[in-house]
Trainee: 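Got a structure here, written out as structure tokens. Questions coming.
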There are 2 protein chains.
Amino acid sequence: MSKKPDLLPGTLDMLILKTLTRAPLHGYGIALSIKRSSENVLTVEEGSLYPALQRLLLQGWVKAEWKKTETNRRARYYTLTPAGRKQLGIELSQFEQMIAAIGRVLQDA
Amino acid sequence: MSKKPDLLPGTLDMLILKTLTRAPLHGYGIALSIKRSSENVLTVEEGSLYPALQRLLLQGWVKAEWKKTETNRRARYYTLTPAGRKQLGIELSQFEQMIAAIGRVLQDA
DNA sequence: TCCTATCCATAGAGTATCTATAGATAGAAC
DNA sequence: GTTCTATCTATAGATACTCTATGGATAGGA
């Protein structure tokens with residue numbers, strides 16, 4: 001039945017990295033944060049989120065640490081690394097270039 | 001060695017439909033048009049383009065006709081159908097909504 | 001005691017892209 | 001007249017990313 005994606009494919013890593021620039025967060029918190037700051041337009045499913053976090057860990061763009069949450073639960077907190085911050089910059093500029101280019105195509109008379 | 005895509009995944013169909021609102025074009029011409037109007041930022045590979053055109057045909061969003069080009073070559077011209085025009089409207093509004101939402105996440109302090 | 005929200009994670013399917021390849025021909029260059 | 005380049009179509013296979021669907025655990029409130 002092929003549903004439409006809840007976000008633009010290829011943008012999830014960038015959104016996660018950006019979210020982590022504010023503060024370390026656990027996976028669930030990242031998903032909530034993206035949903036909230038996008039005003040409920042973007043929904044990150046667990047089946048997208050956790051594989052994405054594994055990718056980011058593997059690339060060294062985030063690091064993870066088990067901690068207790070404020071509500072006394074066990075959770076894995078992800079922190080942006082310097083390499084991750086650099087990568088975010090790259091992805092941001094590529095994304096903006098893409099969007100600008102698409103905008104040109106769409107506005108072309 | 002896993003290269004980055006030449007366009008944002010999920011946007012190709014929209015770009016093709018938009019390109020065809022100006023005039024019917026053959027595949028090669030569509031690729032050139034997108035490349036040109038995006039100022040060489042977006043490149044549509046053949047392995048993406050022709051499968052996309054097959055999808056659009058199957059959905060009834062474009063129709064195809066074999067003709068001669070101005071340079072006397074045999075080529076398959078694609079024309080936007082009314083359903084395709086409607087679909088383009090849908091995709092445009094979804095895309096803009098996505099971009100706006102991503103923008104909110106990226107600008108969130 | 002049950003329910004809901006919070007938290008983690010993986011398996012499998014589907015979709016869309018890329019690279020690589022194959023083929024044909026018009027017209028220009030040589 | 002032969003070769004080269006640009007024009008044109010199309011498919012196969014690999015890869016990447018997302019989704020749906022699961023499975024599990026626990027804190028705190030009803």
Trainee: Taking 4.0 Å as the cut-off, does a side-chain nitrogen or oxygen of A:Thr71 come that near to OP1 or OP2 on C:dA5?
Mentor: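 Checking A:Thr71 against C:dA5: no side-chain N or O falls below 4.0 Å of OP1 or OP2.
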
Trainee: Extract from the structure each pairing of a protein N or O with an N or O of nucleotides 9-11 of chain C at less than 3.5 Å, listing the distance.
Mentor:
{"from": "C:dA9", "atom 1": "OP1", "to": "A:Arg76", "atom 2": "NH1", "distance (Å)": "2.8"}
{"from": "C:dA9", "atom 1": "OP2", "to": "A:Tyr78", "atom 2": "OH", "distance (Å)": "3.2"}
{"from": "C:dA9", "atom 1": "N6", "to": "A:Glu46", "atom 2": "OE1", "distance (Å)": "3.2"}

Trainee: Mind calculating the distance between CG (A:Leu42) and C1' (D:dT18) to the nearest angstrom?
Mentor: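 Distance check: A:Leu42 CG to D:dT18 C1' gives 14 Å.
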
Trainee: Please list all pairs passing the side-chain hydrogen bond (donor to acceptor under 3.5 Å, both in side chains) test where one or both residues lie in residues 77-87 of chain B, with sequence neighbours left out.
Mentor: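 Counting only pairs at least two positions apart or across chains, the side-chain hydrogen bond (donor to acceptor under 3.5 Å, both in side chains) contacts touching residues 77-87 of chain B are B:Gln87-B:Glu91.
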
Trainee: So which of B:Leu53, B:Leu32, B:Thr69 actually passes side-chain contact (heavy atoms from CB on, under 4.5 Å) with B:His26?
Mentor: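 When B:Leu53, B:Leu32, B:Thr69 are each tested with B:His26, the side-chain contact (heavy atoms from CB on, under 4.5 Å) holds only for B:Thr69.
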
Trainee: Of the non-hydrogen atoms in A:Ile34 and A:Leu42, which two are nearest, and what is the gap between them?
Mentor: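 Where A:Ile34 meets A:Leu42 most closely, the heavy atoms are CG2-CB, 4.1 Å.
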
Trainee: Quickly work out the B:Leu56 CG to C:dT15 P distance and round it to whole Å.
Mentor: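 Nearest whole value for this atom pair: 15 Å.
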
Trainee: What is the distance, rounded to the nearest whole Å, between atom CZ of A:Arg55 and atom P of D:dT15?
Mentor: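 Going from CZ in A:Arg55 over to P in D:dT15 covers 16 Å.
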
Trainee: How close or far is atom C1' of C:dG23 from atom CZ of B:Arg74, stated in whole angstroms?
Mentor: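 Nearest whole value for this atom pair: 12 Å.
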
Trainee: For A:Arg104, what residues pass the salt bridge (charged side-chain N to carboxylate O under 4.0 Å, His left out) criterion, not counting sequence neighbours?
Mentor: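 So A:Arg104 forms a salt bridge (charged side-chain N to carboxylate O under 4.0 Å, His left out) with B:Glu39.
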
Trainee: Starting at atom CG of A:Leu57, determine the distance to atom P of C:dC8, rounded to an integer number of angstrom.
Mentor: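 So the CG-P distance, A:Leu57 to C:dC8, works out to 12 Å.
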
Trainee: Can you tell me how far C1' of C:dA28 sits from CG of B:Asn72, to the nearest Å?
Mentor: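 Distance check: B:Asn72 CG to C:dA28 C1' gives 15 Å.
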
Trainee: Among all residues two or more places apart in sequence or in another chain, which pass the salt bridge (charged side-chain N to carboxylate O under 4.0 Å, His left out) test with A:Arg55?
Mentor: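 Partners of A:Arg55 by the salt bridge (charged side-chain N to carboxylate O under 4.0 Å, His left out) criterion, ordered by chain and then number, come out as A:Asp13.
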
Trainee: Could you tell me whether the side chain of A:Thr19 and the main chain of A:Leu15 form a donor-acceptor pair under 3.5 Å?
Mentor: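 Yes, because the side chain of A:Thr19 sits within donor-acceptor range (under 3.5 Å) of the backbone of A:Leu15.
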
Trainee: Given atom CG of B:Leu49 and atom C1' of D:dT11, what is their separation to the nearest angstrom?
Mentor: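 It works out to 13 Å between those atoms.
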
Trainee: Name all pairs fulfilling the ring pair (Phe, Tyr, Trp, His ring centres under 6.0 Å) condition that reach into residues 83-107 of chain B, sequence neighbours left out, sorted by first residue then second.
Mentor: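 Output for this query is empty, none listed.
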
Trainee: Can you spot which of B:Val62, B:Leu12, B:Leu80 makes a side-chain contact (heavy atoms from CB on, under 4.5 Å) with B:Leu56?
Mentor: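 Considering B:Val62, B:Leu12, B:Leu80, a side-chain contact (heavy atoms from CB on, under 4.5 Å) with B:Leu56 is found only for B:Val62.
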
Trainee: What is the separation between atom CD on B:Glu65 and atom C1' on D:dT9, rounded to the nearest whole Å?
Mentor: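 That distance rounds to 17 Å.
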
Trainee: Please list residues of residues 26-37 of chain A whose heavy atoms come under 4.0 Å from any atom in DNA chain C, ordered by number; otherwise none.
Mentor: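 Here the set is A:His26, A:Gly27, A:Tyr28.
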
Trainee: From the list C:dT17, D:dC19, C:dT19, which nucleotide is the closest neighbour of the side chain of B:Glu45?
Mentor: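 For B:Glu45, the side-chain atoms sit closest to C:dT19.
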
Trainee: On a heavy-atom basis, which atom in B:Ala83 and which in B:Gly60 lie closest, and how many Å separate them?
Mentor: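 Residues B:Ala83 and B:Gly60, closest heavy atoms: CB-O, 4.0 Å.
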
